[in-house]
2 protein chains.
Amino acid sequence: MDREHQPTRRRGAALEEAILRAAADELVESGYPGLTMDRVARRAGTNKNALYRRWPNRAALGVAAYRRLADARTRVPDTGTLRGDVLALLRQVNCDLSAPHGEILRGLLSSIGDEPELLAQLHEQIGDGGAEPWRAILERAVARGEARPGALRPRVITVALVLLRNEYVTRGIATVPDDVLVEITDEVYLPLVRAESNPR
Amino acid sequence: MDREHQPTRRRGAALEEAILRAAADELVESGYPGLTMDRVARRAGTNKNALYRRWPNRAALGVAAYRRLADARTRVPDTGTLRGDVLALLRQVNCDLSAPHGEILRGLLSSIGDEPELLAQLHEQIGDGGAEPWRAILERAVARGEARPGALRPRVITVALVLLRNEYVTRGIATVPDDVLVEITDEVYLPLVRAESNPR
DNA sequence: CCGTGTAAGGTACTCGGCGTACCTTATTGG
DNA sequence: CCAATAAGGTACGCCGAGTACCTTACACGG
């Protein structure tokens with residue numbers, strides 16, 4: 001922050017790190033609208049030139065900073081039952097992907113618009129990146145006979161995640177109430193993947 | 001500049017109409033980022049004052065204009081089978097809610113941010129507004145024995161719509177390919193609502 | 001028919017944020 | 001030790017949101 005009378009100028013990776021940290025902090029504190037190039041530069045103790053030498057525009061920097069935020073990998077729960085695993089995953093996502101992540105994501109998605117490359121990066125982060133844990137718990141459930149093998153399709157295993165994300169996007173609320181998670185689990189996900197021969 | 005030597009000034013509802021039409025046209029042509037107060041004012045043959053006297057900010061005008069665009073009601077199909085009805089509804093939504101509607105919606109959703117009143121208006125438009133046709137086709141399917149009565153829950157009947165909307169939001173593409181619609185229908189919606197006694 | 005309140009038109013601002021240009025200064029590696 | 005490279009500093013230009021203030025037409029009641 002306070003530069004000493006020793007200039008000791010950061011370069012390369014060190015400076016990039018500092019910029020990304022500053023940008024991520026701004027995202028958390030003020031959301032994407034608060035991520036201005038001037039503020040990030042000031043917070044990182046540098047200036048806009050260093051930013052524009054690395055990212056072509058604000059959206060690119062925003063996506064890069066968001067990636068660092070969302071890189072906290074999701075742990076795969078193992079409660080012994082499919083219902084317990086689904087609820088645990090949903091609650092986990094709801095917890096650490098709630099505010100301000102949802103709002104940040106909304107802001108990023110819109111301001112990208114016509115830059116498919118950035119959208120692809122985001123999609124990798126939120127779309128397929130989050131799918132693996134769901135496949136894992138569903139495979140275990142199939143092995144236990146709790147779910148039908150035919151449910152192991154990409155579009156099926158992520159249904160709960162998509163429904164939860166839909167709550168964020170359309171409702172715009174900070175944290176989804178827990179009974180919504182239960183509804184998603186009991187009304188949609190479990191009936192969908194359950195083996196036909198296995199009544200409720 | 002002398003426009004006409006007949007000033008014939010529009011007032012009240014007539015002017016409001018003209019502004020909304022201009023705003024909706026801008027939305028269709030250039031998306032939400034292109035909806036500039038200056039441009040709308042110029043296109044409507046008026047100036048920004050008339051706009052700000054009616055809507056407090058750009059987002060409010062954007063939502064109002066979008067409502068007028070999206071007010072084309074969805075027709076309820078009746079093909080005789082649930083699968084046919086579901087696909088028909090999905091295709092209809094995909095057709096007239098595709099580009100540029102999806103992009104506009106994305107832009108609006110993000111830029112609203114902290115104004116819950118506007119978000120509520122949008123939600124009324126896209127969330128529950130679109131649910132009725134789905135309830136209608138599912139009720140008929142239940143009457144025919146194609147679906148279980150227990151599927152008549154709000155979160156269930158709109159699953160297909162939510163999945164389709166998810167494609168728009170996360171993929172950011174103009175029009176969803178038809179095989180995605182078929183996948184949503186055959187892998188998710190039909191297995192979910194089908195009567196348990198009705199094997200695939 | 002006229003006068004007056006209301007609403008529209010016109011214009012010119014301020015403010016903030018993006019992106020750029022250009023120069024100076026430090027660091028690094030050959 | 002000396003270029004080449006990259007960082008810092010500063011000042012722009014541009015555009016769009018929102019505001020202020022005045023002028024001008026319209027509509028309606030007396």
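Here is how names work: the chains are called A, B, and so on, in the same order as the sequence lines, proteins then strands, and each is numbered from 1.
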**Q.** Nearest-Å distance for atom pair CG/P, residues A/N47 and D/dG9
**A.** 6 Å
Q.
What is the distance, to the nearest angstrom, from the CD atom on A/E16 to the P atom on D/dA6?
A. 12 Å
Q | A/N49 CG to C/dT25 C1', straight-line distance once rounded to whole Å | A | 13 Å
Q.
Can you tell me how far apart CG (B/L192) and CZ (A/R194) are? Round to the nearest 0.5 Å.
A. 11.5 Å
Q. Can you tell which of A/L138, A/L90, A/L163 makes a side-chain contact (heavy atoms from CB on, under 4.5 Å) with A/Y189?
A. A/L138
Q.
Taking salt bridge (Lys or Arg N to Asp or Glu O under 4.0 Å) as the definition, give me every residue that meets it alongside A/R53, ordered by chain and number, with sequence neighbours left out.
A. none
Q: Please determine which of A/D85, A/T79, A/V142 meets the side-chain contact (heavy atoms from CB on, under 4.5 Å) test together with A/I137.
A: A/D85
Q: State the CH2-OG1 distance between B/W134 and B/T158, to the nearest 0.5 angstrom.
A: 9.0 Å
Q.
Checking B/R58 now: which residues fulfil salt bridge (Lys or Arg N to Asp or Glu O under 4.0 Å) with it, not counting sequence neighbours?
A. none
Q: Just jot down the salt bridge (Lys or Arg N to Asp or Glu O under 4.0 Å) partners of A/R42, sequence neighbours excluded, or say none.
A: none
Q: For B/R21, check salt bridge (Lys or Arg N to Asp or Glu O under 4.0 Å) against everything at least two apart and list the hits.
A: none
Q | B/R42 CZ to D/dC15 C1', straight-line distance once rounded to whole Å | A | 13 Å
Q: Report the distance from atom CH2 of B/W55 to atom P of D/dA17, rounded to the nearest whole Å.
A: 15 Å
Any N/O pairs under 3.5 Å between the protein and nucleotides 5-7 of chain C? List them or say none.
residue	atom	partner	partner atom	Å
C/dT6	O2	B/R11	NH2	3.3
C/dA7	O4'	B/R11	NH2	2.8

(Q) Rounding to an integer number of Å, can you tell me how far A/L51 CG sits from D/dA6 P? (A) 16 Å
Review item, nucleotides 15-19 of chain C N/O atoms under 3.5 Å of protein N/O:
residue	atom	partner	partner atom	Å
C/dC18	OP1	A/R58	NE	3.3
C/dC18	OP2	A/M37	N	3.0
C/dG19	OP2	A/Y52	OH	3.2
C/dG19	OP2	A/R58	N	3.0
C/dG19	N7	A/K48	NZ	2.8
C/dG19	O6	A/K48	NZ	2.7

